[in-house]
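Notes to accompany the following structure.
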Protein chains: 2
Amino acid sequence: MEDIYSIKQISQQIGLSEDTIRYYEKIELLPKVKRNNIGYRVYSLEDRDLLNNIVCLKNTGMTLNQIKLYVKLNTISERYKMLLTHKKNIEDQMNELQRIIEIKLKAME
Amino acid sequence: MEDIYSIKQISQQIGLSEDTIRYYEKIELLPKVKRNNIGYRVYSLEDRDLLNNIVCLKNTGMTLNQIKLYVKLNTISERYKMLLTHKKNIEDQMNELQRIIEIKLKAME
DNA sequence: TTATACCTTGGAGTTACCTCCAAGGCAAGT
DNA sequence: ACTTGCCTTGGAGGTAACTCCAAGGTATAA
């Protein structure tokens, strides 16, 4: 339970491949990660939290470009607002899905 | 309100480009559409409903390959089951999103 | 008959998001 | 000194889902 993880460890904890994590840093989705004395990446708890947020946003359909905007936001309240908007969009799509489900249900008697 | 639409009309009604609709037929996501005497595609109400379902599934994050499986299902009850599973997956992701939202809310006091 | 407004196909090109790999550096164990 | 197991970079390759032509056919209106 240390506050420092290697790329392998963070990869296992988050469920993204090491390549993907490095790729996210390359495209500046993730801010530059600290390095140890021999140039290896070292991840903090904060990095892990951010990565977890990124995964959640990705899983709920946000594109990496949109997530970049999220990451660039400075305040918690701005991020909060963006999350709410995102959630609202999904809910709208979910309502449409629910409508289709109900139509099928009726068609089955 | 006729039961027959040109590709241009269906494109406008559904909100997909004509190219995309033809592409969906090419990759066999959509079954072969009827043609008129000079080879133009003509879409029925049934085609329109299916396309609407496809759009909804796409908007809720289903891949075209998954949607192909959905389209290939023969019975309404099989489709219904697949929709419920899909909905459940999204809800799980939504719960995770909600968790993050609540953390932000707490962090703002 | 010519202009326009549709439509057709095949195939090339594009964007997003990885995924894989080669070549190589560092360090701890045997 | 050598093997093992980490890690690094740069760049090529891959898949999904479009998107955009070019070349050409048909029908209606002027």
Side-chain angles (χ1 to χ4, degrees), chain A residues 2 4-44 47-48 50-72 86 89 93, chain B residues 2 4-44 47-48 50-72 86 89 93:
Chain A
E2 273 191 29
I4 272 181
Y5 311 103
S6 70
I7 192 157
K8 183 173 202 173
Q9 289 171 324
I10 205 88
S11 158
Q12 287 163 347
Q13 287 173 28
I14 303 289
L16 290 176
S17 75
E18 299 178 31
D19 273 329
T20 298
I21 294 170
R22 280 189 287 259
Y23 169 70
Y24 283 178
E25 189 176 341
K26 183 143 89 186
I27 64 170
E28 295 183 343
L29 172 57
L30 233 62
K32 293 238 175 221
V33 170
K34 271 200 192 158
R35 304 300 180 109
N36 68 9
N37 57 327
I38 58 167
Y40 291 9
R41 290 174 178 82
V42 293
Y43 294 87
S44 65
D47 292 327
R48 200 183 64 169
L50 182 58
L51 264 169
N52 269 325
N53 283 16
I54 286 171
V55 167
C56 175
L57 291 174
K58 195 167 71 78
N59 285 342
T60 49
M62 202 182 269
T63 66
L64 297 193
N65 277 332
Q66 286 175 300
I67 298 175
K68 264 190 201 177
L69 299 179
Y70 174 80
V71 170
K72 279 191 192 120
H86 179 51
N89 290 340
Q93 298 302 331
Chain B
E2 273 190 29
I4 272 180
Y5 313 102
S6 69
I7 191 157
K8 183 173 202 171
Q9 290 171 322
I10 205 89
S11 158
Q12 287 163 348
Q13 289 174 26
I14 304 289
L16 290 176
S17 76
E18 300 177 29
D19 272 329
T20 298
I21 294 170
R22 280 189 288 258
Y23 168 71
Y24 283 179
E25 188 176 342
K26 182 144 86 186
I27 64 169
E28 296 183 341
L29 173 58
L30 232 62
K32 293 236 174 225
V33 171
K34 270 201 192 157
R35 303 300 180 107
N36 69 8
N37 59 326
I38 56 166
Y40 290 12
R41 289 173 179 81
V42 293
Y43 294 86
S44 66
D47 292 328
R48 202 183 62 169
L50 183 57
L51 264 169
N52 269 326
N53 283 16
I54 287 170
V55 167
C56 175
L57 291 175
K58 195 167 70 79
N59 285 342
T60 49
M62 203 182 268
T63 67
L64 298 192
N65 276 333
Q66 286 176 301
I67 298 175
K68 263 189 200 176
L69 298 180
Y70 174 81
V71 170
K72 280 192 192 120
H86 179 51
N89 291 340
Q93 298 302 330

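A note on names: the letters A, B, ... follow the listed sequences, proteins ahead of strands, and every chain is numbered from 1.
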* Structure fact -> Result for 5'-nearest mapping on DNA chain D, choosing between A/Gly39 and B/Leu16, is A/Gly39
* Asked: Within less than 4.0 Å of OP1 or OP2 of C/dC18, is there a side-chain N or O belonging to A/Tyr24?
  -> yes
* **Residue whose closest nucleotide on DNA chain D lies nearer the 5' end, B/Asn37 versus B/Lys58** => B/Lys58
* To do: Grab the two heavy atoms, one from A/Cys56 and one from B/Gln93, that are nearest each other, plus how far apart they are.
  => SG-O, 4.4 Å
* **Any donor-acceptor pair under 3.5 Å from B/Lys68 side chain to B/Ile27 backbone** => yes
* Hey, could you give me the CD1/CZ distance between A/Ile10 and A/Arg48, rounded to the nearest 0.5 Å? => 6.5 Å
* Over 12 non-hydrogen atoms of neighbours within 6.0 angstrom of CD in A/Glu28 -> no
* B/Glu18 side chain: which of D/dC7, D/dC18, C/dC7 is closest? -> C/dC7
* To do: Calculate the interatomic distance between B/Leu69 atom CG and D/dA16 atom C1'; express it in whole Å.
  => 15 Å
* **D/dT9 OP1/OP2 closer than 4.0 Å to side-chain N/O of A/Arg35** => yes
* Asked: Out of D/dA17, C/dC17, C/dC7, which has the shortest distance to the side chain of A/Leu64?
  -> C/dC17
* Nearest-angstrom distance from the residue atom OH of A/Tyr40 to P of C/dA28 -> 10 Å
* Asked: Checking all strands, does A/Arg41 fall into the base, sugar-phosphate, or nothing category for heavy-atom contacts under 4.0 angstrom?
  -> sugar-phosphate
* Asked: NA contact type, B/Ile7, heavy-atom cut-off 4.0 Å: base, sugar-phosphate, or nothing?
  -> sugar-phosphate
* Asked: OP1 or OP2 of C/dT9 sitting under 4.0 Å from any side-chain N/O of B/Arg22?
  -> no
* Asked: D/dA27 P sits how many Å from B/Ile38 CD1, rounded?
  -> 5 Å
* Structure fact -> Rounded to whole Å, NZ of B/Lys34 lies from P of C/dC7 at a distance of 18 Å
* Could you check B/Gln9 against A/Met62 and say which one's nearest nucleotide on DNA chain C is further toward the 5' end? => B/Gln9
* Side chain of B/Thr20: nearest nucleotide among D/dT19, D/dC7, D/dA27? -> D/dT19
* Taking CG from B/Leu30 and P from D/dC18, how many angstroms apart are they, rounded to a whole number? -> 12 Å
* Asked: Of the candidate nucleotides C/dC17, C/dC7, D/dC7, which contains the atom at the shortest distance from the side chain of A/Lys8?
  -> D/dC7
* Structure fact -> A/Tyr23 OH to D/dG11 C1', in whole Å, measures 14 Å
* **Closest-nucleotide 5' rank along DNA chain C - winner of B/Asp19 and B/Ser6** => B/Ser6
* Asked: What are the two closest non-hydrogen atoms of A/His86 and A/Met62, and how far apart are they?
  -> CG-CE, 3.5 Å
* Rounded to the nearest Å, what distance is computed from the CD atom of residue B/Glu25 to the P atom of nucleotide D/dT19? -> 18 Å
* Value in whole Å for how far the C1' atom of C/dT9 lies from NZ of B/Lys32 -> 12 Å
* Looking across every strand, which nucleic acid part, if any, lies under 4.0 Å from B/Lys26 by heavy atom: base, sugar-phosphate, or nothing? -> base
* Atom CD of A/Gln66 and atom CG of A/Leu29: how far apart are they, to the nearest 0.5 Å? -> 12.0 Å
